[in-house]
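Below, read A as the first sequence line, B as the second, and so on, with proteins coming before strands; counting in each chain starts at 1.
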Number of protein chains: 2
Amino acid sequence: MPTQNKPTIYDVAKRAKVSITTVSRLLNTPDKVNPETRKLVMDAIDSLGFTPKAEARARAMRNTNRIGVITPFFTAPSFVQRLRGVASALSKANYELVIYPVDDMEHLQGYISSIPVMKNLDGLIIISLAIDSKDANRLYENGMQTVLIEYSHSALNSIVIDDAEGGRLAARYLIGKGHKRLAFLGDIEPPERYAIYPVKSRLHGFKEVLKEAGIELPKKYIRQAENRQDISIKAVHELLNVDNPPTAIFAASDVQAMSVMKVARQLKLKIPDDIAVIGFDDIDMAEYVDLTTIRQHLDESGRLAAEMVLARIKDPKRALQQIKLPLEFVERSTC
Amino acid sequence: MPTQNKPTIYDVAKRAKVSITTVSRLLNTPDKVNPETRKLVMDAIDSLGFTPKAEARARAMRNTNRIGVITPFFTAPSFVQRLRGVASALSKANYELVIYPVDDMEHLQGYISSIPVMKNLDGLIIISLAIDSKDANRLYENGMQTVLIEYSHSALNSIVIDDAEGGRLAARYLIGKGHKRLAFLGDIEPPERYAIYPVKSRLHGFKEVLKEAGIELPKKYIRQAENRQDISIKAVHELLNVDNPPTAIFAASDVQAMSVMKVARQLKLKIPDDIAVIGFDDIDMAEYVDLTTIRQHLDESGRLAAEMVLARIKDPKRALQQIKLPLEFVERSTC
DNA sequence: AGCTAAAATGAAAGCACTTTCAGTTTAACA
DNA sequence: TGTTAAACTGAAAGTGCTTTCATTTTAGCT
């Protein structure tokens, strides 16, 4: 016999052959009910294992021990790695992890509006999403402990990296290796709804160093491509088919760098001799395929974010933190 | 002086000139209300400083609209892909996704015993974990809608694949290609705490076909290796260094197959000419690296699991289902 | 323009209790 | 014995919210 719902005062009343009023009264002002009746009702309560549900729930809801993560494409490798960091920190602290995947801005707005009001979360981590001042302030005002990753706002904690510096690192390294024809591949202008443009900054830094070195970055060497395999592959093909093709490609994500590698394999191009590749992120797979890349400590960012919310839940008076995580050049065999 | 009672949704509704329904809806299923209306209502909420009373909510709510997923290493690619399936089904149905990562059996036991009692979950999906009869029955008796993936129990819904058949598929294909020296790499005996042994079955099926074909599978061609890169790499090295090394390796997971590919690269072995590789799972990355593999529809399994719990939440009288998902041989370039 | 499906909305019916209020009993006292 | 106040009790009316269902609006097609 499954699904035996918790007993209500109705069940108790029926069992004790009294009205629900009496049951309620017994629970709230016991001295106002006759001792004999009291005994009757108590027996019924005991035998049914009754516990006023709503009240318990309400009490339980004061401190939910749950923290939420709002993230787009939460199954993309880089997001997963951040989540891993979050999860490990949370599970140590015995907090539940609730995931709110956002497919579009609608979703995000929905979550952002209702979460701080509903308060059925103790804290919130928002990954790679822009949130406007009004929402940030609401989060702040309602005391929802929040950490932003890959975006920042003065009213909230945040963890970011120096994207431009990432681009510079790649450019310097490639130039150091003697490359003259450098290309850039990335989701430079993602659908505006996410409203954050880290790749653009990476391109900026990349350009900057090239310029300093007197190397041109012609338009044909810059490819906008969404982070999907089919699209990236197509972009890489185009990139490698221009005349005087580049000798090195800086891909703004490891996944796209892997698309470059795939196309190179198809075209029987040797990596790194015919074409050098640098990725960005250092996802797990990068090591498997020996991809040279720029590591942004993904796990770490998640762990840190989780620790920050937990710390602020414990002590809400803690100062806000705006953290910039360092990047690291990881030399492997594709470059 | 005046009794400044806390604002209720009625106040908000009046202020925003909508019905209380809309206010409630905004808070619970935000994407079901028009963005313009949303703005109106949010303004009212903000200006009134409205906060819903937890106990009133609890009272009126019969379900939590949350379903939980218990899973080990939830950031391993194959698990992530199942989660993706779960998440997409859930978000369509407006359910929250709570993740319970299990690092050790302690954790699992904790979750399993408290979840059905707490009832702050409408349903539960348990991935790749063995649960004993006692727990299964408790879940069943407490009416917690549960689906197991990669394990089964007669009291609960389950989704499994035919692991042995997977092994057979690989063996047949490899034999068809003329290979005589076949090897097997996998986490055959994982730490007992998880207590499920799909890889063992894959090995069984693999062996079976070899035997029928009169091909031996000597011990030296069978490697136990945990699903970690360092360990797998070491195992592959050993495997390729025996005398008379195998010409083909069936790895029981794509991730391990990728380790094989990495070692082959290091040793300058050509794939598939010098060494053929077949993986298992067909994770996203398999396509990037052109890995021949056996697809077990991971996303699908997650989606299905989610749909099953949702269906049973709606109609608890639905019959239990024990589903066996088909496998599919995916031919790419490593074999 | 005409038609249909989907999206957005509100009225009203719950939910699991609490409270009010109008009875009943009971007990005490004249 | 009749009267009355205190002690009990239950029907019904809230409580603040959710959810169903019917209606309206909008968008997408021929």
Using a cut-off of less than 4.0 Å, is there contact between a side-chain N or O of A/Ser19 and OP1 or OP2 of D/dG10?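 Yes.
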In whole angstroms, how far is the [atom2] atom of [N] from the [atom1] atom of [X]?
{"X": "B/Asn94", "N": "D/dT20", "atom1": "CG", "atom2": "P", "answer": "12 Å"}
{"X": "A/Leu40", "N": "D/dG10", "atom1": "CG", "atom2": "P", "answer": "11 Å"}
{"X": "B/Ile9", "N": "D/dT15", "atom1": "CD1", "atom2": "P", "answer": "13 Å"}
{"X": "B/Asp122", "N": "D/dT19", "atom1": "CG", "atom2": "C1'", "answer": "14 Å"}
{"X": "B/Lys53", "N": "C/dC17", "atom1": "NZ", "atom2": "P", "answer": "17 Å"}
{"X": "A/Asn28", "N": "C/dT20", "atom1": "CG", "atom2": "C1'", "answer": "14 Å"}
{"X": "B/Lys17", "N": "C/dG10", "atom1": "NZ", "atom2": "P", "answer": "12 Å"}
{"X": "A/Arg25", "N": "C/dA16", "atom1": "CZ", "atom2": "P", "answer": "21 Å"}

If the test is side chain to side chain contact (heavy atoms under 4.5 Å, CB included), which one of B/Asn28, B/Ile20, B/Thr21, B/Leu27 qualifies with B/Ser24?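 Going through B/Asn28, B/Ile20, B/Thr21, B/Leu27 one by one, the side chain to side chain contact (heavy atoms under 4.5 Å, CB included) with B/Ser24 is satisfied by B/Asn28 alone.
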side-chain hydrogen bond (donor to acceptor under 3.5 Å, both in side chains) evaluation trace for A/Asn157 with A/Gln145: CA-CA 8 Å; A/Asn157 296 285; A/Gln145 299 306 337; 4.9 Å; no
Begin with the C-alpha distance, continue with both residues' side-chain angles, and end with the deciding distance and a verdict on side chain to side chain contact (heavy atoms under 4.5 Å, CB included) for B/Lys17 and B/Leu40. CA-CA 9 Å; B/Lys17 294 183 200 297; B/Leu40 241 56; 5.9 Å; no
For a quick check of understanding: with a heavy-atom distance under 4.0 Å over all strands, which category does [X] fall into, base, sugar-phosphate or nothing?
{"X": "B/Ser24", "answer": "base"}
{"X": "B/Thr8", "answer": "sugar-phosphate"}
{"X": "B/Ile20", "answer": "base"}
{"X": "B/Val23", "answer": "nothing"}
{"X": "B/Asn63", "answer": "sugar-phosphate"}

Please answer whether the main-chain N or O of A/Ser232 pairs with a side-chain N or O of A/Gln256 as donor and acceptor at a distance below 3.5 Å.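 Not confirmed, A/Gln256 side chain does not pair with A/Ser232 backbone.
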Any idea which of [options] is nearest the [X] side chain?
{"X": "A/Thr37", "options": "C/dG10, C/dC17, D/dC8", "value": "D/dC8"}
{"X": "B/Met61", "options": "D/dT18, C/dC15, C/dT18", "value": "D/dT18"}
{"X": "B/Arg57", "options": "C/dA11, D/dC8, D/dT18", "value": "D/dT18"}

On DNA chain C, compare the nucleotides closest to B/Val18 and B/Tyr10; which residue's is nearer the 5' end?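 Result: B/Val18.
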Does B/Thr22 make a side-chain donor-acceptor contact with the base of C/dA8, cut-off 3.5 Å?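 No, the side chain and the base share no sub-3.5 Å donor-acceptor pair.
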When the nearest nucleotide of DNA chain D is assigned to A/Asp31 and to A/Thr21 on a heavy-atom basis, which residue is associated with the more 5' position?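 Its nearest nucleotide being more 5', the pick is A/Asp31.
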Can you check whether A/Asp135 reaches A/Gln109 side chain to side chain, under 4.5 Å on heavy atoms?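 Of all side-chain heavy-atom pairs linking A/Gln109 with A/Asp135, at least one is under 4.5 Å.
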